[in-house]
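These notes are about the structure you will find just below.
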Amino acid sequence: MHSDSLDPLDALAAHPLYQLSTAGQELFHTNMLYWLIKEHPTAAAPVLKLFGLSTAPERTTSVSREWQHFDLFVDNGVGQVVLENKLHAFPDIAQLERYRADLPLPYQSGTAKFVLLSIIEPLFTMPEPWTHIGYQQLIGPIEDTSAALRPASVFGAALLDEYVGLLRLLLRFRADIESRTSSDQPVLLDKATRTRYQEGRVLSLVEKYRISALSRMIQLEVGQKEIGLGLTNTHAIAGYFVTTSDGHAVGWQYQAGKLRLAIQLDVDSPEQWRGKVNEREAAADAIGAKIFDNDELRALTVALTPYGGKRNWLVFQPNFLYKYSSVTENTTYSELAEICIALIRYLDGTVPGTQSET
């Protein structure tokens, strides 16, 4: 049966290259580019052009993996490309700026092209001199490379054809998930659907697409706020914190149907709170009374189900304390986004300090 007639999940899970790629995720795709450019630099000219390199058939093309922390480095004698690949990971502006700042000065001030390649759209404006290239833009150049390679390597061309098929399936699957994360869709995954994604070995990808959709809805309203994104215990997480004048952080996190109001005591020295159960709870009570214990904040989360346990604060790390409310099975993306937006505006207007990471 042709993959186009299959359910997007079934088609992706049945593709052998996808199953081979799950062990390494981005490594698999970066290694594909490494092999292609290193072994067939002339045929790969369309790919290099996409990345901003002019062709130079008379020059030697060198390719390196994990160069200066970056996934791929290409030097064809007339220019260089520094590439960071984020197929299944969240693009991270701080990482891009940090890695580039650590480069030798000639590369910082030279003509090297800096490329972020990702399937998840960045939630930020790309910093100079970075350029974003989506995986959908890679398909045409790979197809052109396959045609150029076929006379010399039938196997190589066939491999690229299958790789293009994999990229198309990944993009089709992304579109299917995006259709399920519109503003009126429920934010919770039902158990049967989640199990199906897990059995298809796409659950982490689904979680990242879904949390990115929520974060994008939030940022459309609040602008370029640094909403922290991550994945723990197979569940994606989003959050926003501000740092108080005395070095604590307060904010919110959403993960797996739970919206947490959280306090990080002494962000720069968390270990001092290890084992100090009573002291840290008293400190959290004092901070919480100033920031979280008021009618304005309670009104923001009135649509959620409050925590029914007896403990005042739950503890995640020595200095991380939180309390949570739960979304209902009918809570939509837009409803949760509205709550998160209101919390960001509340924190920005209530807590004197600066924004910090999740």
Side-chain angles (χ1 to χ4, degrees), residues 94 123 187 211 214-215 217-230 232 235-328 331 335-358:
L123 296 175
V187 73
I211 206 71
L214 174 65
S215 299
M217 291 179 192
I218 296 169
Q219 288 197 326
L220 285 173
E221 293 297 323
V222 300
Q224 292 286 312
K225 298 288 185 181
E226 188 177 339
I227 298 173
L229 301 177
T232 60
H235 290 279
I237 184 171
Y240 180 81
F241 284 79
V242 294
T243 304
T244 66
S245 57
D246 48 359
H248 307 306
V250 294
W252 61 265
Q253 288 182 332
Y254 172 76
Q255 184 179 35
K258 304 291 190 295
L259 183 65
R260 307 178 187 118
L261 297 179
I263 297 172
Q264 298 180 61
L265 300 171
D266 293 299
V267 174
D268 294 331
S269 52
E271 285 302 313
Q272 67 173 292
W273 294 97
R274 186 174 295 280
K276 298 180 179 179
V277 177
N278 294 331
E279 293 91 335
R280 70 190 177 199
E281 184 153 330
D285 281 340
I287 297 169
K290 293 179 181 177
I291 299 171
F292 294 146
D293 189 15
N294 60 70
D295 291 339
E296 180 183 354
L297 186 66
R298 280 189 284 271
L300 299 180
T301 57
V302 69
L304 304 180
T305 303
Y307 170 63
K310 296 181 179 179
R311 296 180 62 181
N312 195 26
W313 294 98
L314 300 173
V315 179
F316 173 60
Q317 292 174 338
N319 71 325
F320 190 104
L321 296 90
Y322 68 95
K323 51 184 67 178
Y324 71 85
S325 299
S326 301
V327 304
T328 71
T331 301
E335 290 169 339
L336 179 58
E338 286 174 6
I339 294 172
C340 295
I341 291 164
L343 285 173
I344 288 173
R345 289 172 173 161
Y346 170 81
L347 289 167
D348 286 349
T350 303
V351 182
T354 56
Q355 185 181 325
S356 71
E357 296 180 4
T358 300

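These numbers come from a predicted model, not from an experiment. Heavy-atom basis, side chains included; hydrogens, waters and symmetry copies ignored.
Residues in residues 298-309 take part in these salt bridge (charged side-chain N to carboxylate O under 4.0 Å, His left out) pairs, two or more places apart or across chains: Asp293-Arg298, Asp295-Arg298.
Under the side-chain contact (heavy atoms from CB on, under 4.5 Å) criterion, Ala342 pairs with Leu300, not counting sequence neighbours. With sequence neighbours left out, Val277 forms a side-chain contact (heavy atoms from CB on, under 4.5 Å) with Arg280. For Asp246, there are no salt bridge (charged side-chain N to carboxylate O under 4.0 Å, His left out) partners at least two apart in sequence or on another chain. The side chain to side chain donor-acceptor pair (under 3.5 Å) test applied to Tyr322 returns no partner, not counting sequence neighbours. With sequence neighbours excluded, the residues satisfying salt bridge (charged side-chain N to carboxylate O under 4.0 Å, His left out) with Glu271 are Arg274.
From Ile211, atom CD1 reaches atom NE2 of His235 across 11.5 Å, with rounding to the nearest 0.5 Å. In this structure, Tyr346 OH and Ile291 CD1 are separated by 7.0 Å, a value rounded to the nearest 0.5 Å. Going from atom CD1 of Ile344 over to atom CD of Gln219 covers 8.0 Å, rounded to the nearest 0.5 Å. Here the CD-NZ distance, from Gln253 to Lys258, works out to 13.5 Å after rounding to the nearest 0.5 Å.
Side-chain contact between Leu314 and Tyr307 is present, with at least one heavy-atom pair separated by less than 4.5 Å.
Pairing each heavy atom of Thr331 with each of Glu335, the nearest pair is CA-OE1, 3.4 Å.
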